[in-house]
Number of protein chains: 2
Amino acid sequence: MAPYWYVSDKRELLDLVARKLLSEVELPEPDSAPWDERLRTVVTGIDARLHDHPGIAGVLLERMRSTDRRLMNGILEILLSAGFEGPKVFLSYAMIHTYLFGRYQVVELDTPDPSQVDPGDLEDALATLVPHLSGLRGRDFFNYGVDTIIEGLRAQLAAKKRPRRR
Amino acid sequence: MAPYWYVSDKRELLDLVARKLLSEVELPEPDSAPWDERLRTVVTGIDARLHDHPGIAGVLLERMRSTDRRLMNGILEILLSAGFEGPKVFLSYAMIHTYLFGRYQVVELDTPDPSQVDPGDLEDALATLVPHLSGLRGRDFFNYGVDTIIEGLRAQLAAKKRPRRR
DNA sequence: ACCTGAACACCGTTCAAGT
DNA sequence: ACCTGAACACCGTTCAAGT
């Protein structure tokens, strides 16, 4: 019961834990590398911390506010240095935030036992793809997701400078 | 208490609700439009449903399994038609899944009242950006996120065919 | 076969009482 | 100032009893 003297809520307690956890993540020096590499570095650092304490990801996903201010600033600055402006900086941040912390809410998809799946069902895309699933690890999902987001952001930057395609 | 006769768990009950909800989402005809447009259509359809019942998003985020099989297949087929192969199909699906359902876990970021933020703090990227935040709506986050993911996926497809850059 | 009501375990929170 | 223990409300689940 003692914590209740310091904190008014369980939520608030978890916020503190979350902040503490993220405060240990290092931010790369501003000019140490191009923006995409720096972004990958921070995001990987965060992910490493979450890996050890996956329960905390939920707290962070829910409330951007409880994200360590220093870290959030660090990411915003990387995005600014990439060339994002105004609202785009936030839109980009929110996307990264959602993916990064949302990941840990997804229970490592329990593979439907390949032998259980009816392989005759060719209509069923899932069934025919199941064999590929067993080789995938959490790391693969993370790397692919981060790659895709970075490429997507790069495209957004390019779109700003050229005539729209859409 | 009656539900407990049909279902062994609260979780299982919510799974059924989630499936029912997604079963109402329409899938575009396979050749009706290019893959990216079709993807945007499904994803927007899902989002519309979630918008009315945001509580369900959490269930879907947690367990890919409880996603309506028909819908998941529909998305996998769109990805296949885009040119993704083997594991990449899943990696791409997982990314979309995480973002789409994760979104609803993020409480609409409570803007730190602009007048509260110290504007003198120029070190603080967040503080200087706050003015841009007030104009942003949930729709904006969604559209930007989906755009970015689609562009990211397009880049992944292109990377497959050309020599690697990384 | 299906529903109801009472009971139980569990957990977040409060509060009075301790030191 | 800070901690402890008992009490309470709330919720998921069980189970015996109803129809």
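Below, each value reflects all heavy atoms present in this structure, side chains not excepted, and no hydrogens, waters or symmetry copies. Here is how names work: the chains are called A, B, and so on, in the same order as the sequence lines, proteins then strands, and each is numbered from 1.
Of the nucleotides present, C:dC2 is the one that pairs with D:dG18 by Watson-Crick or G-U wobble criteria, both distances under 3.5 Å. Across all strands shown, D:dC10 forms no Watson-Crick or G-U wobble pair with both key distances under 3.5 Å.
Residue A:Tyr6 has a polar side-chain atom (N or O) positioned under 4.0 Å from OP1 or OP2 of D:dC3.
Regarding A:Lys10, its NZ atom lies at a distance of 8 Å from the C1' atom of C:dG12, rounded to whole Å. Here C:dT14 presents its C1' atom at 16 Å from CD of A:Glu12, a figure rounded to the nearest Å.
If you find the closest nucleotide of DNA chain D to A:Met1 and to A:Trp5, the one lying nearer the 5' end belongs to A:Trp5.
Ion pair A:Asp68/A:Lys20 not flagged as a salt bridge, since none of the NZ, NE, NH1 or NH2 atoms sits closer than 4.0 Å to an Asp/Glu carboxylate oxygen.
Going from atom CD1 of B:Ile149 over to atom OG1 of A:Thr148 covers 8.5 Å, rounded to the nearest 0.5 Å.
The local environment of CG in B:Asp52 is crowded, with over 12 non-hydrogen atoms from other residues, nucleotides or ligands closer than 6.0 Å.
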